[in-house]
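These notes are about the structure you will find just below.
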Amino acid sequence: MNTRILTTLAAGALLAATTACGAQSLDGGTSDAAATAPAAAPNVVLDPAPTEEKAADVINAITPDKDLAAKAPANVKSAGLKVVSSIGYPPMELFASDGKTPIGFDPALARAIARKLGVNVTITDEEFNSQIPGVLTGRYDFVISSMTDNAERQGQVTFVDYVQAGSALLVKKGNPAGIAGPADICGKTVSVVDNGSSMELAESYDADCKKNGKTAVDILKFPGDTEAMLQLSNGRAQATVTDYVVAAYKSTDPKLGMEAIALEGTESPWGIGMKPDNKELIESVKGALDALIQSGEYGKLLAAWNLDKLAVQSAVINGGK
């Protein structure tokens, strides 16, 4: 997940992305939809999505695909899906107000895939670097945690890619500085997190400005995303560079008064990681994701979290380079 940014945006429920820890089962929540949740098979009742999950109505309306359910691995049919994620990177993964129930796009998609397969799901919070080892030892069926699909990780796990995520500019609501893309930040002040992909992007844009005979970008560097965004709020910077998912999430907060501008060409695939020899599971997850895409349910999950721009057109295995 090479674009993931450690933040101190919030405390408690919104922990730093790579410091989430523990291995307790966190899937839970209650919903009025429990009484009407579609049954996967005789004597099997699918758990409703947590009430604070923005895509709860979409998830609860998903019915199992009989063919996919029949082909699911035997251990998944008997025990449900065991999923691991690193909770604390909103809007992809975050805790509900109870501080233990995972919500966000990644948990939503995990629940949606489980429903297509006609099984329940347990989502466990683990530190990011512990997730692939947990999959390889069989503790978890798959990891879904804003993880970039790249050649290095493909040496350990097989990915089914589920989004294309990149970087973005955050500007003030209404875009008073008239910034539509990288060419418009020449001569302007931009804040970034020091020593990260956002800083590298800002420096490359600065180099382009100079190469084209335009005024250089004034780059302000800070240790964290919160400090970088503060410069936009107080007017010291006209834009800040961050992950698109972070920008999309922040743009939904009316108190911040910001809007996101996607930086085209910065996208890379994020994947659901599985043990390479677990062929049945890989095909089941790929089939379920394709079914969700084709039905339009995948798009509704993205829309619920304001992440429409991350959409893929089909499930691809190991599409990262």
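- Rounding to the nearest 0.5 Å places OG1 of Thr148 at 8.0 Å from CZ of Phe159.
- Using a 4.5 Å cut-off between side-chain heavy atoms of Ile, Leu, Val, Met, Phe, Trp and Tyr, with links allowed through other members, Val312 and Leu310 fall into the same hydrophobic cluster.
- One distance of note links CG of Asp47 with CD1 of Ile59; it measures 11.5 Å at 0.5 Å rounding.
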Show the numbers, then the answer: is there a side chain to side chain donor-acceptor pair (under 3.5 Å) between Ser268 and Gln164? CA-CA 5 Å; Ser268 60; Gln164 284 275 351; 5.9 Å; no
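- Remark: the backbone N or O of Lys100 is paired with a side-chain donor or acceptor of Asp98 at under 3.5 angstrom.
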Apply salt bridge (charged side-chain N to carboxylate O under 4.0 Å, His left out) to the pair Lys221 and Glu227, showing each step before the final yes or no. CA-CA 9 Å; Lys221 302 173 184 179; Glu227 297 94 330; over 6 Å; no
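- Judged purely by atom type and a 3.5 angstrom limit, Glu93 has no side-chain atom pairing as donor or acceptor with the backbone of Ile103.
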Let's go through Lys286 and Asp290 carefully: what are the C-alpha distance in whole Å and the side-chain angles of both, what is the deciding distance for salt bridge (charged side-chain N to carboxylate O under 4.0 Å, His left out) to 0.1 Å, and is it a yes or a no? CA-CA 6 Å; Lys286 182 180 185 301; Asp290 271 329; 3.2 Å; yes
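- Annotation: side chain to side chain donor-acceptor pair (under 3.5 Å) contacts involving residues 271-285, sequence neighbours excluded, are absent.
- Using a distance-only test at 3.5 Å, with no hydrogens or angles considered, no donor-acceptor pair links the side chain of Lys211 to the main chain of Asp206.
- Using a 30° and 60° split on the angle between ring planes, Tyr162 and Phe105 fall in the parallel class, below 30°.
- In this structure, the separation between CD1 on Ile185 and OG1 on Thr215 is 12.5 Å, given to the nearest 0.5 Å.
- Lys54 NZ: more than 12 foreign heavy atoms inside a 6.0 Å radius.
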Full working for salt bridge (charged side-chain N to carboxylate O under 4.0 Å, His left out) between Asp149 and Arg153: CA-CA 7 Å; Asp149 171 4; Arg153 291 189 177 123; over 6 Å; no
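- For the residue pair Ser86 / Glu127, no side-chain donor-acceptor distance below 3.5 Å is found, with atom types taken as modelled.
- Here Lys116 pairs with Glu297 in a salt bridge; the nearest charged N to carboxylate O distance falls below 4.0 Å.
- Between Glu126 and Arg139 there is a salt bridge, with a side-chain nitrogen of the basic residue lying less than 4.0 Å from a carboxylate oxygen of the acidic one.
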